[in-house]
Amino acid sequence: MRLAVIGAGAVGRSVVELAGEYGHEVVAVADSSSAVVADGGGTASTGVDPDAVVARKAERGIVGDDDPDDALAADYDVLVEATPTTLDDAEPGFSHVTRALERDRHAVLANKGPVAERFGDLRAAVADSDGEIRFEATVGGAIPAVSTVEDIEPGHVTAVRGVLNGTANFILTRMAAEGLDYDHVLAEAQDLGVAEADPSFDVDGTDAALKCVILANVLSFGAADDPADAREFTLADADVEGIRDVPGSALRLAAEDGRTVRLIGEATGDTVRVAPRLVPENGTLAVSGTQNIVQIETSHAGRLNISGRGAGGPETASAVLGDVGRLE
């Protein structure tokens with residue numbers, strides 16, 4: 001498959017670097033201000049040079065000398081949308097995806113915004129196109145949460161819950177292990193690069209909530225006999241509480257009772273909730289560090305648990321490229 005990769009952050013760069021290993025060819029790459037497109041817009045026998053793209057981005061801050069619009073107009077089979085997540089109108093990612101669909105091309109998203117905030121609009125665009133969308137990478141990085149729910153069939157899944165943000169989990173794990181307070185561990189996480197300079201998206205529960213919103217939409221629309229009867233979720237429908245107000249004393253008291261605290265997100269076809277919750281200290285949900293876990297409650301197969309790396313360039317790129325393979 002010929003790929004146009006929009007977004008040159010950690011995920012986009014990893015997709016460019018790894019695509020060849022999965023049997024795909026990158027014919028265009030764009031960041032917010034530049035692009036590089038293979039000769040002939042992708043009709044040439046070889047695509048762009050992955051090493052040159054990554055090196056140019058590191059050295060000059062651009063991926064090439066073309067205009068970003070040139071990448072969107074290239075001759076590709078699948079658009080990979082890996083720009084940063086934005087809320088509300090989910091732009092520019094939403095327009096990138098719909099532009100691909102208007103050309104009857106496929107789109108694979110790592111960007112959570114369009115799937116979480118405009119799921120109904122995306123479905124409408126897909127209905128009018130010969131292209132399809134996939135978005136495994138929007139939930140849990142390398143963890144195959146969306147495809148597992150789809151394989152089981154959403155009508156047979158009663159709930160999906162789990163630890164879905166590595167930054168928050170790292171902070172809670174360190175607080176429990178060392179008896180430290182939130183502010184101290186946050187500073188440590190920022191020094192290590194685990195937390196952003198502005199950690200709000202992670203520690204306030206927004207990132208986990210977006211992932212749960214996406215899962216709720218998969219469950220709601222997947223279980224509905226008529227899509228018109230499905231409930232569409234956005235972030236505004238989620239009940240969200242972060243970890244800023246979790247005191248170290250709460251973790252110490254929990255440990256005395258054989259429990260700990262984790263930021264747990266849960267999605268059903270009716271609700272989305274994210275909040276710190278007490279869980280057994282040696283239980284399935286008590287993953288440590290930056291690990292994530294997804295727990296799927298099913299009607300006939302009981303409870304399924306899938307854990308692994310919930311973020312990271314190569315990890316998330318593997319989910320993107322897995323989706324590309326599903327479109328072949």
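We use all heavy atoms of the structure for the numbers below, so side chains are in, but hydrogens, waters and symmetry mates are not. Keep in mind that this is a model prediction, so the values were computed, not measured.
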[X] with [Y], same ILVMFWY side-chain cluster at under 4.5 Å:
{"X": "V97", "Y": "V218", "value": "yes"}
{"X": "V115", "Y": "V149", "value": "yes"}
{"X": "V26", "Y": "L321", "value": "yes"}
{"X": "L327", "Y": "L3", "value": "yes"}
{"X": "V185", "Y": "V246", "value": "yes"}

Between R262 and E281, is a salt bridge (charged side-chain N to carboxylate O under 4.0 Å, His left out) present by the stated rule, with each step listed? CA-CA 10 Å; R262 290 291 182 265; E281 196 169 32; over 6 Å; no

Checking [X] side chain against [Y] main chain: does a donor-acceptor pair fall under 3.5 Å?
{"X": "R252", "Y": "G179", "answer": "yes"}
{"X": "R161", "Y": "G265", "answer": "no"}
{"X": "R174", "Y": "L180", "answer": "no"}
{"X": "D237", "Y": "T234", "answer": "yes"}
{"X": "E266", "Y": "R273", "answer": "no"}
{"X": "S34", "Y": "D65", "answer": "no"}
{"X": "D89", "Y": "E91", "answer": "yes"}
{"X": "D77", "Y": "R2", "answer": "yes"}
{"X": "E81", "Y": "A107", "answer": "no"}
{"X": "D202", "Y": "T167", "answer": "no"}

Shortest non-hydrogen contact between [X] and [Y], atoms and distance:
{"X": "G155", "Y": "S299", "value": "O-OG, 4.4 Å"}
{"X": "A209", "Y": "L235", "value": "CB-CD1, 3.7 Å"}
{"X": "N169", "Y": "G289", "value": "ND2-O, 2.9 Å"}
{"X": "P276", "Y": "V261", "value": "CB-CG1, 3.8 Å"}
{"X": "P314", "Y": "S14", "value": "N-OG, 3.3 Å"}
{"X": "A317", "Y": "V11", "value": "CB-O, 4.2 Å"}

Neighbour count >12 (heavy atoms, 6.0 Å) for atom [atom1], [X]:
{"X": "D225", "atom1": "CG", "result": "no"}
{"X": "R231", "atom1": "CZ", "result": "yes"}
{"X": "D245", "atom1": "CG", "result": "no"}

Evaluate the side chain to side chain contact (heavy atoms under 4.5 Å, CB included) criterion for residues I264 and L285: first the C-alpha distance (whole Å), next the side-chain angles of each, then the deciding distance (0.1 Å), finally the verdict. CA-CA 8 Å; I264 304 295; L285 291 173; 4.2 Å; yes

With a 4.5 Å heavy-atom cut-off, do [X] and [Y] have their side chains touching?
{"X": "D239", "Y": "V274", "answer": "no"}
{"X": "L304", "Y": "I152", "answer": "yes"}
{"X": "I243", "Y": "L172", "answer": "yes"}
{"X": "I133", "Y": "L101", "answer": "yes"}
{"X": "Q295", "Y": "V160", "answer": "no"}
{"X": "V37", "Y": "V27", "answer": "no"}
{"X": "M1", "Y": "E25", "answer": "no"}
{"X": "V53", "Y": "D49", "answer": "no"}

About how many Å separate [atom2] of [Y] and [atom1] of [X], when rounded to the nearest 0.5 Å?
{"X": "I296", "Y": "N305", "atom1": "CD1", "atom2": "CG", "value": "8.5 Å"}
{"X": "T138", "Y": "K112", "atom1": "OG1", "atom2": "NZ", "value": "7.5 Å"}
{"X": "M175", "Y": "L186", "atom1": "CE", "atom2": "CG", "value": "10.5 Å"}
{"X": "T316", "Y": "E136", "atom1": "OG1", "atom2": "CD", "value": "10.5 Å"}
{"X": "S307", "Y": "Q291", "atom1": "OG", "atom2": "CD", "value": "6.0 Å"}
{"X": "F221", "Y": "L122", "atom1": "CZ", "atom2": "CG", "value": "10.5 Å"}

The test is side chain to side chain contact (heavy atoms under 4.5 Å, CB included); show your working for R309 and N292 and say whether it passes. CA-CA 6 Å; R309 296 289 297 274; N292 281 197; over 6 Å; no

Can you list the steps and then say if S129 with R103 is a side chain to side chain contact (heavy atoms under 4.5 Å, CB included)? CA-CA 8 Å; S129 173; R103 298 177 62 198; over 6 Å; no

I would like to know whether F233 and F119 meet ring-ring contact (aromatic ring centres under 6.0 Å, His included); could you show each step before the answer? CA-CA 8 Å; F233 290 84; F119 193 74; 9.9 Å; no

Does a side-chain N-to-carboxylate-O contact under 4.0 Å join [X] and [Y]?
{"X": "D128", "Y": "R123", "value": "no"}
{"X": "D51", "Y": "R56", "value": "no"}
{"X": "E150", "Y": "R134", "value": "yes"}

Let me see the working for D69 and R99 under salt bridge (charged side-chain N to carboxylate O under 4.0 Å, His left out), right down to the final yes or no. CA-CA 11 Å; D69 199 58; R99 182 167 172 179; 2.5 Å; yes

Looking only at the side chains, is there a donor atom on one of D198 and S200 sitting less than 3.5 Å from an acceptor on the other?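 Note: D198 and S200 side chains meet the donor-acceptor criterion.
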
Determine whether the side chains of T268 and T271 contain a donor N or O and an acceptor N or O closer than 3.5 Å.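 Looking only at side-chain atoms, T271 and T268 do form a donor-acceptor pair, the distance falling under 3.5 Å.
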
Within 45° of the ring axis of Y76 and under 6.0 Å from its six-membered ring centre, is that where the NZ or CZ of R105 lies?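 That pair qualifies as a cation-pi contact.
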
Dump the intermediate steps for side chain to side chain contact (heavy atoms under 4.5 Å, CB included) on R244 and Y182, then the final yes or no. CA-CA 7 Å; R244 290 182 193 264; Y182 169 82; 3.7 Å; yes

Using the side-chain contact (heavy atoms from CB on, under 4.5 Å) definition, which of the options V16, V29, V5 pairs with V63?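 The option that passes is V29.
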
